[in-house]
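Remarks on the structure that follows.
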Amino acid sequence: YHRNHEFAVLDKAAHDERQNIIAGAESIKDKIKELNANIRQLEETTSVMESNVMKAKREVMEAAEQIITQIRARERELITSIETARAKRLEKISSAKQNIFSLLKQLNQAVDFADNIVKRSSSTDIMQNKGTLTQRFEELRAIYHEVPKHRDIVHVKFTAASMAGLKLGSVQMTEKADMKKSTDRKSTRLNS
């Protein structure tokens, strides 16, 4: 009888312990389920983040393209402005050259006429043309003094604007904690 009683106590203790082991295992199984759910949530978070990152990258590239397009338009405007200024300056130079060529032609004609009178004309012809020639020489000298002297050197210089203050935009990365646990938000702002 004593032995049977010991077996009965042992069976009862083992039965109670069996229930404790089963309860402990169930508790661990619950933790396993929670961790698997956490893994799925992290994978979903990663997927959403990657999607957001791709979208943000596209938006950065679009913003850069818009600025590049604007810069190219400004580039064309400046080139056109330089070319217009060049054309106006060339027109002035060409006009000045034409005036000088015209004066040269008149001076050469006057010199040729004077040479012909001195070499081929009689004293009477010389005395008759003296006043006309003197007047013509005075007129030509006056015209000569009015011709602008173009000693200027035309400098064309471009000064680039500073790019130091150029900002394309900013990137914000926000982590939202699980709403059940906390309502705190962390925000990091990156300038680029």
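The basis for the numbers below is simple: all heavy atoms, side chains too, and nothing from hydrogens, waters or symmetry mates.
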### Query
Salt bridge or not for E62 and R58, using N-O below 4.0 Å?
no
Going from [atom1] on [X] to [atom2] on [Y], what distance comes out if it is rounded to the nearest 0.5 angstrom?
X: L35; Y: L42; atom1: CG; atom2: CG; answer: 10.5 Å
X: I143; Y: N99; atom1: CD1; atom2: CG; answer: 10.0 Å
X: E17; Y: L10; atom1: CD; atom2: CG; answer: 11.5 Å
X: Q66; Y: I71; atom1: CD; atom2: CD1; answer: 12.0 Å
X: S27; Y: D30; atom1: OG; atom2: CG; answer: 6.0 Å
X: D11; Y: R18; atom1: CG; atom2: CZ; answer: 8.5 Å

Would you kindly confirm whether [X] and [Y] end up in one hydrophobic cluster when ILVMFWY residues are joined by side chain heavy atoms under 4.5 Å apart?
X: I126; Y: L133; answer: yes
X: F101; Y: L103; answer: yes
X: V111; Y: I117; answer: no

### Worked check of salt bridge (charged side-chain N to carboxylate O under 4.0 Å, His left out) between K88 and E91
CA-CA 5 Å; K88 285 180 181 177; E91 192 176 301; over 6 Å; no
### Query
Rest of the hydrophobic cluster containing V48 (Ile/Leu/Val/Met/Phe/Trp/Tyr, side-chain heavy atoms under 4.5 Å)?
none
### Message
So for atom OH, which belongs to Y144, do other residues, nucleotides or ligands contribute more than 12 heavy atoms lying within a distance under 6.0 Å?
### Response
no
### Task
Please assess E44 against R40 for the test salt bridge (charged side-chain N to carboxylate O under 4.0 Å, His left out), listing each intermediate value before the final yes or no.
CA-CA 6 Å; E44 184 181 323; R40 281 190 302 279; over 6 Å; no
Under 3.5 Å: donor-acceptor pair, side chain of [X], backbone of [Y]:
X: T84; Y: T80; answer: yes
X: T45; Y: Q41; answer: yes
X: T69; Y: E65; answer: yes

### Task
Answer whether the closest heavy-atom distance between the side chains of K57 and V60 falls below 4.5 Å.
no
### Query
Mind checking what makes salt bridge (charged side-chain N to carboxylate O under 4.0 Å, His left out) contact with K119, not counting sequence neighbours?
none
### Query
Restricting to pairs with a member in residues 130-144, which pass salt bridge (charged side-chain N to carboxylate O under 4.0 Å, His left out), not counting sequence neighbours?
R136-E139, E138-R141
